[in-house]
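In what follows, chains carry the letters A, B, and so on, assigned in the order in which the sequence lines appear, proteins first and then strands, with residues in each chain numbered from 1.
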Amino acid sequence: MDNDSLTARILEIVPDAQLEENKQFLTFLVPAANLHDLALKLKSSPELAFDFLFCVSGVDYGKQLAVVYHLNSTQHKHALVIKVKTDDRANPNFDTVCDIWRTAEFHERETYDMFGIRFNNHPDLRRIFLEEDWKGYPLRKDYVDEVNIVEF
Amino acid sequence: MTFNIYDFTSFNRWIDEGLNSIMSPTWALITEMAIIGIVFLLFYAVVGLFLVYAERKVCAFMQNRVGPNRVGPYGIFQTIADFIKLLMKELVYIKDSDKLLFNIAPFIVIIASFMALSAIPFAKGLHAIDFDIGILYVIAVSSLGVVGILLAGWSSNNKYSLIGAMRSGAQIVSYELSVGLSLLTIIVLSGTMQFSQIVEMQSNGWFIFKGHIPAFIAFVVFLISSTAETNRGPFDLAEAESELTAGFHTEYSGIKFAFFFLAEYMNMFLVASIAATVFLGGWMPFHVSGWAGFNTIMDYIPPLVWYFGKTAFIIWLMMLFKWTFPRLRIDQLLTLEWKYLLPINLVNILFMAFLVLMHWHF
Amino acid sequence: MKEIINLPVSKIDEEEYHINMGPQHPSTHGVLRLVVSLQGEIVKNLKPHCGYIHRGIEKMCEKDTYPQIIHLTDRIDYLSSHISNHAVCLLVEKALEIEIPERVQYIRTIMDELTRIQSHQLWWSSFGMDLGGLTCFFYGLRDREMILDIWEETTGSRFLQSYNCPGGVMQDIHPNFQKKVHAFLKTFKKKIKDYDRILSGNVIFENRSQGVGILSKEDAISYGVTGPSGRGSGWSCDVRKTEPYSMYSKVQFNEVLRYECDTYSRYMVRMQEMHESMNIIEQLIDNIPAGDHSAKMKAVIKLPAGEYFQQVESARGELGLYVVSDGNKTPYRMKFRTPSFSNLSVLDHISRDMKIADLVAIGASLDLVIPDIDR
Amino acid sequence: MNSFFKYFSDIFHGVKSLLIGMSVTGRYFFSPGQIVTQQYPENRKNLQMFERFKGEVIMLHDENNLHRCNGCGICENNCPNGSIEVIPARITGEDGKSKRIIDKHIYHLGMCTFCGLCVKNCPSNALGFGQEFEHAVFDRSKLTKVLNKTGSSIIKGVE
């Protein structure tokens, strides 16, 4: 599927999705509530068939926290980027997609570890790299840690 | 007294008579036992140290390396240095381990291999004791070592050790059969279990040639199963350093670890000696019946050289196994024994019995 | 497993026998900890615990300029350091739309393939060692030494070269480079036959690896198992073919695919990839065009604000770089999608109901590099 | 019957593959000429590192104890992990103008990752890589080095 028909198809599934311009891949900003539903359709629709979740990255945009999903279809060779954002920095949470793409289980744990973004219905949401008792979420921009980070 | 390196019988008699002439027969016997004990202990230590060195050198050459070369010329004192290091190391005691069993296990392993050594004839007349059921004795005693391994794994209070010990138990119980049956094949041919007689019978040709096909099969089976019985690679599942870190001896340190280490090499020496004695004629020179001149030349080579040469060759083969093959998995190990070695062995015995009845052996 | 350790003894499932493989364990190749639940010898389930060498490289990247980031990418996957460097350079060059001299492309591609060969050599060595064939380890390292020498002569380092820089490479290749690469190819083509003879064809090895750790193609895609491990399941996921970069669109090579989906097929994919890599190098080594070893770059590299993504095929799979730039000389957010991290996630799935010995073989066949997981 | 033959062909192929494997190790055992081990401390005298070998960062001095560093600090800025500290000094030059020169070029070898950015980015090519690789010391403070030699000064015309 080319980008135009992909755009049309995704806007059909999630009418609130915003297309972000001038990106390397087709990028959509999706309301958090629609994420799981969209993901399920992206995977299961035969003409979309986004079966390969390449990368899940958390991004801290200062005010907002975002999660970026890089999707790929091994069948149709098209790519898509889905973004979800939240303003709630104290208790950010999104739906998990690890029931759809199993690789998300680890990637979401990593995002939780580094950004404190919780994923609802995740089977085993624990810190993956840091200690369980680590305070704060290191990749957030407002993270301050005098003890462990050595500034030059 | 005439001392000669081809026959130690007169030398032994000379010592025996000498001792009896200066003390009562009881004391003479005790003194003889003490002498033999000391000689064997020394022999045990020297062979153990040499084998460790040899193993390291052999595997180094197989791997394009030099091996130990820092302590002494060609590194020959390396194992002595290692031994001193192990002696001085701390003996770590494990919390909640069974102290008595934990301490006794290395001794059981080492005593088993030490006892088995006593029946081996090194040259004519040079053996501690010549049982008339020598082979049976050796099989029985050498399999005692597994008790030590099981105890070590059990008492260490370590999960890896326990798995290693259990594997070792399953392994020895299975492979003991093959060792026994492959030796039985030769017993069918020789008709005796006494080591000295077995060697004497090979004066006109080693059993591996005399019994040709079945003897050769028995030899190969014996090599495989005895490698398994000594817990050496590719059958080193009890240690399996990439799976169980060090298996049953994970928690052992210092001299106790050294005992396990030494016992492993002595067991290897032991099974190599048995293989050399039973299949390759022990100290008996290489004879071809009919070639009198050739046989005379061969007779000039002392029996000790023959004996150690054959043993060394088999040890080298076992090292070649260890340093070439990947390790088997536990189920494959048992499959190999029960599905391949055991049936082959049983058929082989029948074949050998048939051969002996028909006088088709040489 | 903290929960299990802190539980009162009565609450632990009596049937299950937990062992800790790692953080110090000979077959985890680093500080990875696997908490394995056993029933006898059978693995019931397994929980990987990573983070023992988490160094916060993504955080460190946020304070480093793009040329400085390169030395950090060396240390992510230390066995394919050159390919990780390459990814950063490609990303920067793509963002700045810089034309790269053809000579650089040749050099980078050759270096990438040498990296792949040496990584697979080390993998082969440790695979043999994990299965108990210790001699393999020395043969692999012996042959790898030649590549390290080639690198040392050209880049000055044996392992973490930091040879790529945005716009080109740090130094031109050494005059001996081509000669030495030829010598290496000649020697290694002979030596790789020994690899097959001592391990690949060995009956014990075949029994240990065939039918062990079955990973179906669907699972491979779902778990994101890329690289040789994914191609061992018949998934065509080679970035060099799907998204060609540098010289890969211009050289002839086959994407190695196998369909047995087991440890043996993952093994054979890597063995054949070494041949393919040698094939690629042979096509390029004699044709390196003359020219500059670096494009003209500004003293301070600033990426225009935006999001960039670059993926390359490292020796372990797809390495993805996701950069959010706010127009500064340092990235706003840099995410590494490392292949080993995704490959690790499948370990639990494919090693269930296998034996401990199989777990070791499966772990080795996934070719995990622990810093690549932890970052 | 088929499985009967398979049983024996399995044994045959298995034994054959094992013998092939043993022939490899056996062949290497009998060819000691292929040993690749380097006898390191013994070959120290003729151990030649490659000319580009990155042993440590050094400041290039000529025979008159002159270097090319003017203390601009670009290397310090380029260093990713702060292993270079440039301590400049100001002197009054012959023409009466105040001029920046290097006082101490401090290099923390223990923190250096040999990325080569300092050497590459030095505008006056004052830095280079040394061949020394035996860096083991008993005290970490010994890994902090001053690169400009005592009494050295800048080559005229480099500024």
Side-chain donor/acceptor of C/Arg208 to backbone N/O of B/Arg327, under 3.5 Å: yes
Just wondering, do B/Ile330 and C/Lys355 contact through their side chains at under 4.5 Å, heavy atoms? yes
Taking the side chain from C/Thr135 and the backbone from B/Gln63, do they hold a donor-acceptor pair closer than 3.5 Å? no
Between B/Tyr160 (side chain) and C/Asn20 (backbone), is there a donor-acceptor pair under 3.5 Å? yes
side-chain contact (heavy atoms from CB on, under 4.5 Å) between C/Glu41 and B/Met166, intermediate numbers included: CA-CA 10 Å; C/Glu41 289 251 349; B/Met166 291 306 138; over 6 Å; no
If you define the side chain from C-beta out and look only at heavy atoms, does anything of C/Val212 sit under 4.5 Å from B/Arg329? yes
Side chain from CB out, backbone as N, CA, C, O: work out which of these in B/Gln332 comes under 4.5 Å of a heavy atom of chain C, or both, or neither. side chain
Is chain B contacted by the side chain of C/Leu359, its backbone, both, or neither, given a heavy-atom distance below 4.5 Å? neither
Verdict with supporting geometry, C/Phe138 and B/Asn64, side-chain contact (heavy atoms from CB on, under 4.5 Å): CA-CA 8 Å; C/Phe138 292 93; B/Asn64 288 183; over 6 Å; no
What is the minimum heavy-atom distance between C/Leu199 and B/Pro326, and which atoms define it? CD1-CG, 3.9 Å
Contact origin within C/Met129 toward chain B - heavy atom pairs under 4.5 Å: backbone
Calculate, to the nearest 0.5 Å, the distance between atoms CG and CD1 belonging to C/Leu38 and B/Ile163 respectively. 5.0 Å
Please classify the contact between C/Tyr139 and chain B as side chain, backbone, both or neither, with a heavy-atom cut-off of under 4.5 Å. side chain
Let me confirm one number: the CZ-CG distance from B/Phe325 to C/Asn202, rounded to the nearest 0.5 Å. 6.0 Å
